[in-house]
Number of protein chains: 2
Amino acid sequence: MLPDIDSLGLFVRAAELHSLSKAAEASHIGVAAASRRIALLEHRFRTTLLERSPRGVELTAAGVSLLGHAKTLLVHLNHMNADMNDHAAGRKGVLRIIANTSAMTEYLPDDLATFARENPDVRLVVEERWSAEAVQLLQAGEADIGIVVEGSRTEGLETFAYRTDRLAVIALPGHALVQLEQMRFEDVLDHDLIALESGASMMRLLAEQAVVLEKSLS
Amino acid sequence: MLPDIDSLGLFVRAAELHSLSKAAEASHIGVAAASRRIALLEHRFRTTLLERSPRGVELTAAGVSLLGHAKTLLVHLNHMNADMNDHAAGRKGVLRIIANTSAMTEYLPDDLATFARENPDVRLVVEERWSAEAVQLLQAGEADIGIVVEGSRTEGLETFAYRTDRLAVIALPGHALVQLEQMRFEDVLDHDLIALESGASMMRLLAEQAVVLEKSLS
DNA sequence: GAGCGTTACGCTAATCGTAACCATG
DNA sequence: CATGGTTACGATTAGCGTAACGCTC
């Protein structure tokens, strides 16, 4: 039911070289075998993939579709192989972590240092991204762990509470906010704010809270 | 060099059922064959994937890594198969289009109607997303065409100009802006605006232009 | 001894390369 | 007639199931 990898690789080469013969050579098999493998692929899919002519092959519509899938599939397979090579070489693998700005600067460095000390064989790759991007990368399998701000849309992902982040307001001495005995988020909204870029999830979160309070971030 | 799909499928089942025998049965092959296939996989990767015990199998660290890769790989393979089945059935495939709000409401419906009339065998799937999300989906191969606002980060993607969008300012009669003979973007920035959500790319674009003019959106 | 995984041994079936065969510019 | 793809045939080999075996609870 499922097609085999080698044939897909052959197909990709044939499609890109516009030639079965070249593809066969590149795949280190005979032309006859190549022809049959493609034919088998077509029979399996019940569709013609290549338009044959005496001076090469061209993709059909179905071929174009398959080419896209096959290429990303092969790329993924290479990632897998690389990972497994890491394991074979003793490294226990790569842990890809995506963190937002606050985690990156606050808690993460310490935690990562501890983890790295206890697991010297695990290679850590850390990237800083906005929460929304982090979720996308996680869903695409491009990363293993993401640290995002509360309230992010995390469909299909497992979530755990990591740390609590405290936000502070900085104002000039004598500013109206400083006069207050107890400052609530609501009070802050009455003033102009200098904060993060508007794309940051932190800001989205603040904006959502502002809406709840029937005010707006300005 | 590359592992075969069937073995990966077997491995996934073995990992999830914690049993080689069950996995063999589920894969419609004998236990002996299953054992050998896993052994071959391990030999190929030069790593042990499963910890054997008299009452089943458990994943090793390398096995956990492989399981993740194998599962997403198999999912992708199913997508591919589905697509090819579409082609076999005469449908020329699915064109997945991601559009932002303005394209969705302005130009796209007409263009899609025309295309659908001329290509009845192509199934169209349209989704509305913000430009940044659209780019992510395209890069992940989850969509074929995206319509985004100018200035989006489109690394690794081909871009073409689609349509020009005209923005309008709506104000009460007698508003300062209405008095102007000719209104420039710069002039608009001197006033408070009610526009789209701050996450929308359109807003990012406006904000960038505002920065160029040394003003700010408020 | 019941359950589970592994190894040994024939056998079948898939796959290959060589070579002869078509089609087109 | 040179180029590129296809089909035929014999040989190789990779993969299967049956069956015997080893280990642990």
Side-chain angles (χ1 to χ4, degrees), chain A residues 1-64 66-67 70 74 77 81, chain B residues 1-64 66-67 70 74 77 81:
Chain A
M1 192 65 103
L2 298 168
D4 72 301
I5 300 293
D6 294 323
S7 298
L8 288 179
L10 175 69
F11 168 74
V12 170
R13 295 193 192 100
E16 295 185 336
L17 297 171
H18 303 284
S19 155
L20 251 188
S21 319
K22 306 265 181 61
E25 194 182 355
S27 304
H28 312 293
I29 63 173
V31 203
S35 174
R36 261 169 308 181
R37 291 197 92 111
I38 300 290
L40 280 180
L41 224 48
E42 294 180 318
H43 185 255
R44 166 170 297 286
F45 288 139
R46 302 190 308 280
T47 324
T48 73
L49 299 169
L50 297 174
E51 211 68 67
R52 278 82 159 176
S53 90
R55 39 177 224 289
V57 293
E58 284 303 322
L59 285 171
T60 63
V64 173
L66 184 59
L67 179 61
L74 292 176
L77 261 168
N81 258 320
Chain B
M1 192 65 102
L2 298 168
D4 73 302
I5 301 293
D6 294 322
S7 298
L8 288 178
L10 175 69
F11 168 74
V12 170
R13 296 195 191 98
E16 294 186 337
L17 297 170
H18 303 284
S19 154
L20 251 187
S21 318
K22 306 267 181 61
E25 194 182 356
S27 304
H28 313 295
I29 62 174
V31 203
S35 173
R36 261 170 309 184
R37 291 197 89 110
I38 299 290
L40 280 180
L41 225 47
E42 295 181 318
H43 186 256
R44 161 169 296 296
F45 289 139
R46 301 191 306 281
T47 324
T48 72
L49 299 170
L50 298 175
E51 211 69 65
R52 279 82 160 175
S53 90
R55 39 178 224 288
V57 293
E58 284 303 323
L59 285 172
T60 64
V64 173
L66 183 60
L67 180 61
L74 292 175
L77 259 168
N81 257 321

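Throughout, a chain's letter reflects where its sequence line sits, starting with A, and its residues are numbered from 1.
Checking the phosphate oxygens (OP1, OP2) of D/dT6, a side-chain nitrogen or oxygen of A/Ser35 falls inside 4.0 Å.
Ranking C/dG25, D/dC16, D/dG5 by closeness to the A/Arg55 side chain, first place goes to C/dG25. Here C/dA23 is the nucleotide among C/dG17, C/dG5, C/dA23 with the atom lying nearest to any side-chain atom of A/Pro54. Counting only heavy atoms from C-beta on, A/Ala32 has its side chain closest to C/dA19 among D/dG17, C/dA19, C/dG5.
One can place CG of B/Leu20 at 18 Å from P of D/dC23, the figure rounded to the nearest angstrom. Atom CG in B/Asp4 sits roughly 13 Å away from atom P in D/dA14 (whole-Å rounding). Between B/Ile29 atom CD1 and D/dA14 atom P the separation is 18 Å, expressed in whole Å. For A/Ile38 and D/dT6, the CD1 to C1' distance is 13 Å, given to the nearest whole Å. The CG atom of A/Leu41 sits 17 Å away from the C1' atom of D/dG5 (whole-angstrom rounding). Whole-Å rounding puts the B/Glu25 CD to D/dG17 P distance at 13 Å. For the pair A/His43 NE2 and C/dA14 C1', the interatomic distance rounds to 15 Å; values are reported in whole Å. One interatomic measurement links the two molecules: NZ of A/Lys22 to P of D/dG5, which rounds to 9 Å at whole-angstrom precision.
Looking at heavy atoms from C-beta onward, A/Leu59 lies in side-chain contact with A/Phe11 at the 4.5 angstrom threshold.
The two residues B/Leu74 and B/Gly9 come nearest to each other via the heavy atoms CD1-CA, 3.9 Å.
Nearer to the 5' terminus of DNA chain C, by closest-nucleotide assignment, is the contact made by B/Ser53 (compared with the other of B/Ser53 and A/His28). Sequence order on DNA chain C of the closest nucleotides to B/Ser21 and B/Arg36 puts B/Ser21 first from the 5' end.
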side-chain contact (heavy atoms from CB on, under 4.5 Å) between B/Leu20 and B/Ser35, intermediate numbers included:
CA-CA 7 Å; B/Leu20 251 187; B/Ser35 173; 4.2 Å; yes
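Residue A/Glu42 forms a side chain to side chain contact (heavy atoms under 4.5 Å, CB included) with just one option from A/Leu66, A/Thr60, A/Thr48, and that option is A/Thr48.
Here CG of B/Leu41 is found 7.5 Å from CG of B/Asp4. Values are rounded to the nearest 0.5 Å.
Backbone-only contact: A/Ala33 has heavy atoms under 4.0 Å from sugar-phosphate atoms and none from a base.
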